[in-house]
Asks: 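Encoded as structure tokens, here's the structure I'll be asking about.
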Amino acid sequence: MAKGYWVSAYRTISDPEKLAAYNELAGPAVRAGGGRVFCRGGRVVAHDDGIAERTVLIEFDSFEQAVAAHESDAYQAALAALGDGVERDFRIVEGLD
């Protein structure tokens with residue numbers, strides 16, 4: 001079964017306090033959903049039209065598990081805390097077998 005991944009590429013962080021509130025809620029929600037954080041922040045080298053801002057990669061055992069974790073009440077509460085504190089490109093993608 002192919003794994004699922006959350007990929008978040010942040011464009012701007014306009015409210016670090018909202019991001020901190022999101023992080024407090026999102027971490028436990030991701031772990032409860034079976035997610036494993038591979039990278040969060042750290043060094044970034046951007047190419048093409050990319051922006052060298054915060055990037056997050058989270059792995060799940062399946063694509064369906066990744067979607068379910070995003071739709072969970074716990075993660076939706078984290079998104080509510082984040083609100084308009086960031087602009088990011090968030091995707092759920094299916095990995096290769």
Side-chain angles (χ1 to χ4, degrees):
M1 178 180 293
K3 294 188 179 189
Y5 296 88
W6 287 7
V7 182
S8 298
Y10 287 67
R11 292 186 181 101
T12 61
I13 299 171
S14 58
D15 191 330
E17 290 179 10
K18 287 183 178 179
L19 179 58
Y22 163 83
N23 286 337
E24 288 293 318
L25 297 171
V30 166
R31 287 189 296 279
R36 295 171 297 281
V37 178
F38 281 0
C39 69
R40 180 180 58 227
R43 299 189 310 169
V44 176
V45 176
H47 295 277
D48 302 323
D49 290 331
I51 297 170
E53 188 59 77
R54 177 184 173 95
T55 302
V56 179
L57 176 63
I58 301 172
E59 181 184 68
F60 294 84
D61 287 337
S62 70
F63 180 79
E64 291 76 17
Q65 188 179 31
V67 171
H70 184 270
E71 294 174 354
S72 72
D73 290 341
Y75 189 71
Q76 291 302 307
L79 286 177
L82 181 60
D84 63 353
V86 303
E87 181 185 353
R88 67 182 182 165
D89 179 357
F90 179 92
R91 298 167 189 241
I92 300 174
V93 297
E94 185 174 41
L96 303 173
D97 289 333

Asks: Tell me every residue that passes side-chain hydrogen bond (donor to acceptor under 3.5 Å, both in side chains) with R36, counting only those two or more places apart in sequence or in another chain.
Replies: E59, D61
Asks: State whether the side chain of S14 and the backbone N or O of G85 hold a donor-acceptor pair below 3.5 Å, judged by distance alone.
Replies: yes
Asks: Rounded at 0.5 Å granularity, tell me how far CD1 in I13 sits from NZ in K18.
Replies: 13.5 Å
Asks: Provide the closest heavy-atom pair for G95 versus A2 in the form atom of the first, atom of the second, distance.
Replies: O-CB, 3.2 Å
Asks: Does E24 CD have over 12 foreign heavy atoms under 6.0 Å away?
Replies: no
Asks: Would you say the side-chain atoms of D15 pair up with the backbone N or O of E17, donor to acceptor, closer than 3.5 Å?
Replies: yes
Asks: Taking all non-hydrogen atoms of both residues, which atom of Y5 and which atom of L57 are closest, and how far apart?
Replies: CD2-CD1, 4.0 Å
Asks: Measuring only between side-chain heavy atoms, which start at C-beta, is R40 closer than 4.5 Å to I58?
Replies: no
Asks: Return the CZ to OG1 distance between F38 and T55, rounded to the nearest 0.5 Å.
Replies: 15.5 Å
Asks: Please give me the minimum heavy-atom distance between Y22 and A81, naming the atom from each residue.
Replies: N-CB, 4.3 Å
Asks: Got a sec, which residues hit salt bridge (Lys or Arg N to Asp or Glu O under 4.0 Å) with R91, two or more places apart in sequence or on another chain?
Replies: D89
Asks: Of all the heavy-atom pairs spanning A69 and G33, show the shortest one and how long it is.
Replies: CB-CA, 4.1 Å
Asks: Looking only at heavy atoms, which two atoms of Y10 and E53 are closest? And how far apart?
Replies: O-CB, 3.0 Å
Asks: Assigning hydrophobic clusters by single linkage (Ile, Leu, Val, Met, Phe, Trp, Tyr; side-chain heavy-atom cutoff under 4.5 Å), is V44 placed with V56?
Replies: no
Asks: To the nearest 0.5 angstrom, please state how far the CG atom of D49 sits from the NE2 atom of H47.
Replies: 12.5 Å
Asks: Given the rule that I, L, V, M, F, W and Y join up when any side-chain heavy atoms are under 4.5 Å apart, are Y75 and L25 in one cluster?
Replies: no
Asks: What distance do E64 atom CD and I92 atom CD1 have between them, rounded to the nearest 0.5 Å?
Replies: 11.0 Å
Asks: I51 and E87: side chain to side chain contact (heavy atoms under 4.5 Å, CB included), yes or no, with the steps?
Replies: CA-CA 12 Å; I51 297 170; E87 181 185 353; over 6 Å; no
Asks: Let me see the working for L19 and R54 under side chain to side chain contact (heavy atoms under 4.5 Å, CB included), right down to the final yes or no.
Replies: CA-CA 11 Å; L19 179 58; R54 177 184 173 95; 4.3 Å; yes
Asks: Determine which pairs satisfy ring pair (Phe, Tyr, Trp, His ring centres under 6.0 Å) with at least one residue from residues 78-97, sequence neighbours left out, and list them in order.
Replies: W6-F90, H70-F90
Asks: Cluster question for you: counting only ILVMFWY and a side-chain heavy-atom cut-off of under 4.5 Å, with indirect links fine, are V7 and L82 together?
Replies: no
